[in-house]
Amino acid sequence: MADAAGTTYIRDKFGIDDAIASSVLDEALAFGGDYAELFFEHKDAGSIVYEQQVVKNATRSLSKGMGVRVLAGEAVGYAYTEDLDLAALRRAAATAAKIASRDEATPPVDVVHYETPQYYTPEGNTVDVPPRDKVELMQRADQAARAYDSSIARADINFVDEIKHIAIFTSDGRMASDVQPLVRFNVSCLSERDGGRQTARWGGGGRMGMAYFEETTPEALAEEAARQAVLLQSAVEAPAGTFPVVLAAGDSGILLHEAIGHGLEADFNRKKTSNYSDRIGELVASELCTVVDDGTIQDSRGSINVDDEGNMPQKNVVIENGVLQGYLQDRLSAAAFGTKPTGNGRRESFKHYPMPRMTNTYMLGGDSSPEDIIKSVNRGVYCVAFSGGQVNISNGDFVFSVTEGYMIEGGKITSPIRNVNLIGNGPEVLTKVTAVGHDFELSDGRWTCGKDGQSVPVGVGIPTTLVSAITVGGTSIG
Amino acid sequence: MKEDLLSIASDIVDQAHKRGVDEVDAFVTSVAETSARVRLSEVERIIDATSNAASVRVINGKRTAVCSTVDLTPRALTEMVEQAIELASIAEPDEFAGLPDRGDLALAEPPNLHLYDEQIESISIDAMKDIALRCEQAAFDYDKKVTNSDGAEMGVTRGIVALANSAGFAASYPLTSAHVIVEAICDDNDGKKRNDSWFTVERALHRLEDAEEVGRKAAARAVAKIGAKKLATTTMPVVWEAPVVRALLGIIGQAVSGEMLYRRSTFLAELEDSQVGSELLTITDDPLLEGRLGSRPFDGEGVASRRVPLFEAGVFREFLFDSYNARRMGRNTTGAAGRSLSAPPAPGTSNLVLEPGDISPEDLCAGVVEGLLLTDLMGFGVNMTTGDFSRGAQGFRIESGKVTEPVTEINVSGNLKDMLANIDAIANDMLWLGASGAPSLRMSKLTVSGT
């Protein structure tokens, strides 16, 4: 019977205990809903903006509240409140309860505390670290960026962090809690040379405290942003047309996130709006591809000790040797599929209903050497860093924007290319993976995923990967 | 409630002032959201909730901090003010920090822009559900080829914005919004699905597009995409349908930010009063339009709203400024400060309006021998600093002046400066959606990447 820090915290801070939770759950099921859940959240977030070698401003924000969800079949009633008085909680529950319309209440169940694993811990989180310690990190980054190249005219740095306490009570008898630290350090560099201006951004972080900066120094993050900005000064026009593309290890995992990850979220498949609907057991990718969504990676930005519906995260193999194994499930979709939740029910905050979401999504390493993969390409593009991506779930088209890329000519990496978009079709592109390197790498913690207006932190990763044909949206033809 | 929020804002300002803070402003909001979502004629989700938040900006010795909380009890607000004062001490003095100059504040009675609709207070969840059902049904009824739906939703918000500062500004206004949206899905012969959505969003119920018309438009757009193929890589004239011109306006809206100018991170830096775009191009940021989604009687710092010409006959005129970035750049605020709870004010657009031309959208295609009608953009491929633009796209081929087969999985790319200069025709089909109004237009050439 664990009593995790989050539970104690919620009880101490808001006076919410099992009896109060039961009373609110009773209210939520007053019209015969099939299931109800309460999601309590307290988030303390901060930021410091460091620009032109001074601290420009600092912010701190507090948000707290409870979201209540009631299910009647697949229909969802959702309400939330920032007022955590019992009367306000019951009012919110009564509002959500109306999704159901039976005459009798669903009988209550006693909640049992669930012990959560510790894929990260709140110890040493950055939120309460004295601001001067954070400013010192930003000063170090600034100096490193400027020292990197004389063309670096600006270095804008920000330090963003939060500590989130959550507690979940469900009408099927579970109670779980978690304390989720999150830190992110961002650097933007402007290079000015001979009238040419280029900016580049880089950053990193995770569910960690100041210990993150012992592994990854502010200098390293700043030099990376500076390097990319300077590199762009000599970038040539990117080609237009269909080419072989080599994705470098790490950040390129965004390809998996967009090309297949979203399409495997169970809600789209339950509604048959995804290109991967009804395809479990089929070959949907090259046999070289084994794709995993894993919420249990130590300290990673996308990891969770418990999902936002109270289910445990897992290492879910979604594609094994090219064959589709299953979808990423939340509670609602798992019930519809007659399967178990996979620990992917996530939400942005108490104001949001949970949905199937990715955690850390990556492809396992293969047996090619990265050098050989590049040597095998006569004319193509080598992609290293990205600024974002998007997918159209229904038709499977996905894009991702390359911020650091190069031409490959005669098996060698040559000129850097200007920022360019790549477009592919998920189910098609993954069948065109023709080589997978042995150099798997998880990207640093800098990715945020948006879906239905809700943002959640995620991780991505991939080894060096060759896609034999993908459309490159450059401007140079021929 | 309106008075309550304004008194909370004033109270926060007083508390900070009593503690000796040089300058302070407080921003307090309340938003209630109610929505009904249906899918395949069944209720999928009902949301009904209210949230409040208060934010304070403290400027002490020219040092700035912003703190916010969702807890509006007096104790929590006092804690927030004290935390902001403490936090400001870690910032360095910035000579440009400060509230707007008193002369810029909207101290007179703000204009009534009709941003509030009483009808929205009383619409029931059942009524919204019925509207969403009608919308989705109209999509299915439009064509048997519509085989699935990602759902239809009707939702409303009711809110209040209150702002007060230590220079004597204190005002609030209520605002409402309502939206209807649906996504229709078809099965294509190649096993893929083709989808599109349509929506309407307004400050008043009576201004919404008819829900069934929204459903039919989504269906028509999705059905038209059946059979979509890739296109061969080439450079060709591209007709931008009005909905994607909105996306182009969104990009321009970021590029005209005075903060981006200060960061030298916009391709428009150093181009004021230059002929950047085609002479056909006139774009205005207009916060004073009645009933529009982006309208505001005063900006996020209490500065009187004004209409700002961005492009006049292709000449780039002005950046949008809040007071801080304006001071920093030796300019004046344009009353364009956007405000969020957990960051200092920053320049933002209100309603972006691209002046329509006088030819029909059909005439845009008429002269095109081989071209692309662009209907959808995806991704984030814009480098604001250089203007390099490269985004995923869908649309239709134009052959001998006629719109023919649908195309998908292509990229369009160019540089925004060239793209704006290459606009050679603008149609008269002004489309108002949300906070922008735009007609269809044509660019004489753009690189299209495909096979």
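Within every chain, numbering begins at 1; the chains are lettered A, B, ... in the order of the sequence lines, protein sequences first and strands thereafter. Just so it is clear, the structure is predicted and the values come from calculations on it, not from any experiment.
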What part of [X] is in contact with chain B, defined as an atom under 4.5 angstrom from a non-hydrogen atom: side chain, backbone, both or neither?
X	answer
A:Ser61	both
A:Glu237	neither
A:Val391	backbone
A:Asp156	side chain
A:Glu74	backbone
A:Val472	backbone
A:Thr95	side chain
A:Ile48	side chain

Portion of [X] that has a non-hydrogen atom of chain A nearer than 4.5 angstrom:
X	result
B:Glu42	neither
B:Ile47	both
B:Thr34	neither
B:Tyr324	side chain
B:Ser51	both
B:Ala343	backbone
B:Thr447	side chain
B:Leu72	neither
B:Thr266	backbone
B:Arg57	neither
B:Asp48	both
B:Ala393	backbone
B:Ser55	neither

query = Is the count of non-hydrogen atoms from other residues, nucleotides or ligands lying under 6.0 Å from A:Arg201 atom CZ greater than 12?
reply =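 12 or below, so no.
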
Option that, when pairs with chain A are counted at under 4.5 Å, heavy atom only, ranks first among [options]:
options	value
B:Thr73, B:Asp150, B:Asn148, B:Val382	B:Asn148
B:Asn415, B:Leu40, B:Val66	B:Val66
B:Ser68, B:Pro344, B:Gly381	B:Ser68
B:Thr147, B:Thr50, B:Ile125	B:Thr50
B:Thr385, B:Val448, B:Leu341, B:Thr408	B:Thr385
B:Arg194, B:Gln83, B:Arg63	B:Gln83

ask   = For A:Phe400 and A:Phe386, what are the C-alpha separation, side-chain angles and deciding distance, and is it a ring pair (Phe, Tyr, Trp, His ring centres under 6.0 Å)?
value = CA-CA 7 Å; A:Phe400 49 124; A:Phe386 301 83; 5.2 Å; yes

Does one side chain, of [X] or [Y], offer a donor that lies under 3.5 Å from an acceptor on the other?
X	Y	answer
B:Lys230	A:Thr471	yes
B:Gln394	B:Thr375	no
A:Asn395	A:Asn275	no

Tell me, out of [options], who's got the most heavy-atom pairs with chain B below 4.5 Å.
options	answer
A:Ala58, A:Ala75, A:Ala45	A:Ala58
A:Gly67, A:Ser47, A:Ser274	A:Ser274
A:Glu258, A:Lys272, A:Glu51, A:Arg132	A:Glu51
A:Pro130, A:Ser387, A:Gly424	A:Gly424
A:Thr242, A:Ile423, A:Leu84, A:Asn57	A:Ile423
A:Ser277, A:Gly388, A:Gly241	A:Gly241

query = Counting N and O atoms only, with roles assigned by atom type, does the side chain of B:Thr233 sit under 3.5 Å from a partner on the main chain of B:Thr451, one being a donor and the other an acceptor?
reply =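 Flag set: sc B:Thr233 to bb B:Thr451 pair under 3.5 Å.
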
Can we say [X] and [Y] salt-bridge, meaning some charged N sits less than 4.0 Å from an Asp/Glu carboxylate O?
X	Y	value
A:Lys351	A:Glu82	yes
A:Glu428	B:Lys192	yes
A:Asp267	A:Arg270	no
A:Glu192	B:Arg264	yes
A:Arg197	B:Glu270	yes

query = Any cation-pi pair here, B:Arg45 with A:Tyr353, using under 6.0 Å and within 45°?
reply =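 Flagged: B:Arg45 positioned over aromatic ring of A:Tyr353.
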
task = Please report the shortest heavy-atom distance between B:His179 and B:Glu153, naming the atom on each side.
result =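 That closest heavy-atom pairing would be NE2-OE2, 2.7 Å.
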
ask   = Can you tell if the side chain of B:Asp94 reaches within under 4.5 Å of the side chain of B:Arg328, non-hydrogen atoms only?
value =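 Yes. Closest side-chain heavy atoms under 4.5 Å.
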
